[in-house]
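What follows is a single structure, and I will ask about it in a moment.
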Amino acid sequence: AVKLTAKGDPSMGYLDGILKGMHRENGAEGELNKEQVISSRKRSDALREVLKELGHWEVTPQNLELYDRMKALYPQEVILTAARECGHGGKGSEDVLKLLESWKTKGLETGEQVNAYVQAFHSQTELIRELRSAWGTDASRISKTDREFITKWAKEMGFSREMILSTAQYASDAKSPMTYLDKILADYRKKGITTPEEAEKERKQHRTEGNVSGKPVKTVIAQQYNQRDYTGVQEQMMEEQSREIEEKLRRKNGGKPNA
């Protein structure tokens, strides 16, 4: 056990942690044998692999305890995948455990399922950054809502990555591009438009509608898809104008209603 401390923190506290860990693992009531020490050594080496992905090297009793909880959830290969994900953000062992717990909550059981999920997650991140860059917004700000939109467009609506990126240009002038793009894609789904070519054809057709001369009409996106309903506002303005005109006529006729 003392030899194991040479790979971590050579201290009495670490030695105490190793001995307690071996005792807990084996449920030993009497003396521990060499085989049990070797088993504990393998455990420490496995933890060291995880810590390497995190950029940390100190094997401590606390990390050993966290590792035991990780092993209760997934095999070593999945734990290392979680450690790599956390290592990119400079996170620690506790974050690895939280990530593993979140994967388990999502119903991910095998290494293949985890890898597919991680790949899809990074693909989403890349797509969101591309959209934000195209709109001139902060590409580093990726919210849960952004991911929900991407999932909705890809899985529920069945739009391809190419279609989403192509259509994004139509929402570039919107106050909330992500929400606006959602409305555009929802409209395209109703119309059965699934490709960038079909979307562009529909857009050109919309530009020329109502143009008697047949010449192209410059139409901004706000004219094609209503971001807000201004009907009520227009009616209110007309009523106010009507009251102002009536009041002017009353003053002109000495306070009497206009005949």
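Just so it is clear, the model here is predicted, and its values are computed rather than measured. Numbering of residues begins at 1 and proceeds along the displayed sequence.
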task: Kindly indicate whether the side chain of K71, heavy atoms from C-beta on, has any atom under 4.5 Å from the side chain of Q76.
output: yes

query: Can you find a side-chain donor-acceptor pair between E112 and Y117 that sits under 3.5 Å?
result: no

- request: Without swapping roles, check the side chain of Q124 against the backbone of I150 for a donor-acceptor pair under 3.5 Å.
  value: no

Charged tip of R189 within 45° of F159 ring normal and under 6.0 Å: no

query: Any donor-acceptor pair under 3.5 Å linking the side chain of Q169 with the backbone of S166?
result: yes

message: For R129, is there any backbone N or O sitting under 3.5 Å from a side-chain donor or acceptor partner on S133?
response: yes

Derivation of the salt bridge (charged side-chain N to carboxylate O under 4.0 Å, His left out) call for D146 and R141: CA-CA 9 Å; D146 293 338; R141 294 183 60 186; over 6 Å; no

query: How would you list all residue pairs meeting side-chain hydrogen bond (donor to acceptor under 3.5 Å, both in side chains) that involve residues 91-103, not counting sequence neighbours?
result: N63-S93

- prompt: Going by distance alone, is a donor N or O of one side chain under 3.5 Å from an acceptor N or O of the other, for R147 and T125?
  reply: yes

message: Whether D187 and K183 form a salt bridge (side-chain N of Lys/Arg under 4.0 Å from carboxylate O of Asp/Glu) is what I want to check.
response: no

- prompt: Less than 4.0 Å between a side-chain N and a carboxylate O, is that true for K104 and E109?
  reply: yes

message: Test side chain to side chain contact (heavy atoms under 4.5 Å, CB included) on Y14 and L64; report intermediate values, then the result.
response: CA-CA 10 Å; Y14 183 40; L64 284 169; 4.3 Å; yes

- prompt: Can you tell me if E200 uses its side chain to pair, donor with acceptor, with the backbone of E197 under 3.5 Å?
  reply: no

- request: Please check if any side-chain donor atom of H88 sits under 3.5 Å from a side-chain acceptor atom of E53, or the reverse.
  value: no

- request: Using a strict cut-off of less than 4.0 Å between a Lys/Arg side-chain nitrogen and an Asp/Glu carboxylate oxygen, indicate whether D45 and R48 qualify as a salt bridge.
  value: yes

statement: All heavy atoms of A46 vs all of Y67, minimum pair found to be CB-OH, 3.0 Å

Spatial distance of atom OH (Y74) from atom CD1 (I79) [nearest 0.5 Å]: 10.5 Å

message: Do the side chains of D182 and K152 get close enough for a salt bridge, i.e. N-O under 4.0 angstrom?
response: yes

field: Main-chain N/O of T194 paired to E198 side chain as donor or acceptor, under 3.5 Å
entry: yes

field: Other residues, nucleotides, ligands: >12 heavy atoms within 6.0 Å of R84 CZ
entry: yes

